[in-house]
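Worksheet: the structure to be examined is printed underneath.
Bear in mind the structure is a predicted one, so any value in this text is a computation, not a measurement. Quick note: numbers below take in every heavy atom, side chains included, and nothing from hydrogens, waters or symmetry partners. Order of the sequence lines fixes the chain letters, A, B, ..., with proteins taken first and strands second; residue numbering starts at 1 for each chain.
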2 protein chains.
Amino acid sequence: MKERILAEAERLFWKYGIRSVTMEDIAKQLGISKKTIYQHFSDKEQILSQVIETKMGRDQSEMMCMAIEADNPIEEIMHVIAMIQKHADQVSPNLLIDLKRHYPQAFAQFRQYKEGEIMRSILENIQKGVSQGLYRSDINPAILARLRVEQIELAFNNDIFPTDQYTMPEIQYELMHHFIRGMLTEKGFTIYNQYVNPNNEYNLSVYEKK
Amino acid sequence: MKERILAEAERLFWKYGIRSVTMEDIAKQLGISKKTIYQHFSDKEQILSQVIETKMGRDQSEMMCMAIEADNPIEEIMHVIAMIQKHADQVSPNLLIDLKRHYPQAFAQFRQYKEGEIMRSILENIQKGVSQGLYRSDINPAILARLRVEQIELAFNNDIFPTDQYTMPEIQYELMHHFIRGMLTEKGFTIYNQYVNPNNEYNLSVYEKK
């Protein structure tokens, strides 16, 4: 039951944000009583905290699998882009806004994960890319990893990217492709272009003749 | 005298931040009495406000000149990078931190300028670059311009780039080169590469011979 509550709470939080989702809503969706929920959780705060913990854990292992399965760091990022594209439209822009404004503890949890796991995986990706000659050797991995981590929050910042003007998928797509392209060497571009579709006008023929 | 006070205040604010600079300091540096300063300005807040106004005005016209003089949008950004490199080490990281935390009105002034002038000039640069085939035609100019504007603040954010680990010039250099590379087409790269030498430093000789 606990798992079912967490799964349903996650689905609702991601879809509608946190504030607008009540214990009542979660109970109703599961066809159970609020009382049943309170047997497992003291309040919404506690559900949220465990939802984030589980979700972060899942994302982390998913990212690790990608890193392992990917032939190279570029493919790895392409997997991440695909994953974000798949999920981004399921994420309510309210989610991070609510977290930031009204659930400081849960937000701190998210921040900690971001600072730790995401930062580490981005840094590893950059270092691999540099050592394989796919990313420029003259970049500063620490600065660019930090930039990428901050972009995650930027994309969710409603003041910067108003949700009535941009969709989460288009922002993420734009930022991530721009981020990886900014690091690529010529060798990197030849591989990158195998992953992006032809209508992305980038054609390296001339470039490779250099 | 008013101009001399503003010029000296700017120098001190940029070098030491705002909080740590007193009316006393400004007067002493100019060899005048505080009384003389108060004949022209009611308080430090007012000096700061006018310093920002003048500074923004100067930067704006400097950027416009660059846009006019530059052969192409890439050269334009190279000029901006060079300008930032020239000035960045003269800017105390305290400047924006103080502004943000303790001088909300002056910070709003800066923000307004950033949202207006900087945003406009970046957007124009991107649109020029796309229309000249130097930047990808598949980018979203609004999203990337917004990203670039936010990077300016990121670079000054002491929590994100602690001043004991990074210098302003290296952060700015890293972010701006990454930013432009992320937009380039191969035609853009051939031009970009004329401006950067193999170890990616700003190569004026090549660039003036053009």
So that I know where these two stand, are B:His102 and B:Phe107 an aromatic pair - ring centroids less than 6.0 Å apart?
no
Given B:Met183, B:Lys187, B:His178, B:Gln151, the one with more heavy-atom pairs under 4.5 angstrom with chain A than any other is B:His178
Check this for me: does any side-chain nitrogen of one of A:Arg146 and A:Glu150 sit under 4.0 Å from a carboxylate oxygen of the other?
yes
Heavy-atom cut-off 4.5 Å, strictly under: side chain, backbone, both or neither for A:Leu154 against chain B?
side chain
Sort B:Glu170 into side chain, backbone, both or neither according to what part of it lies under 4.5 angstrom from a heavy atom of chain A.
both
Checking A:Glu75 side chain against A:Ala70 main chain: does a donor-acceptor pair fall under 3.5 Å?
no
Non-hydrogen atoms of chain B under 4.5 Å away: do they reach the side chain of A:Ala142, the backbone, both or neither?
both
Determine the interplanar angle of the A:Tyr173 and A:His177 rings, folded into 0 to 90°, and report it as parallel if under 30°, tilted if 30 to 60°, perpendicular if over 60°.
tilted
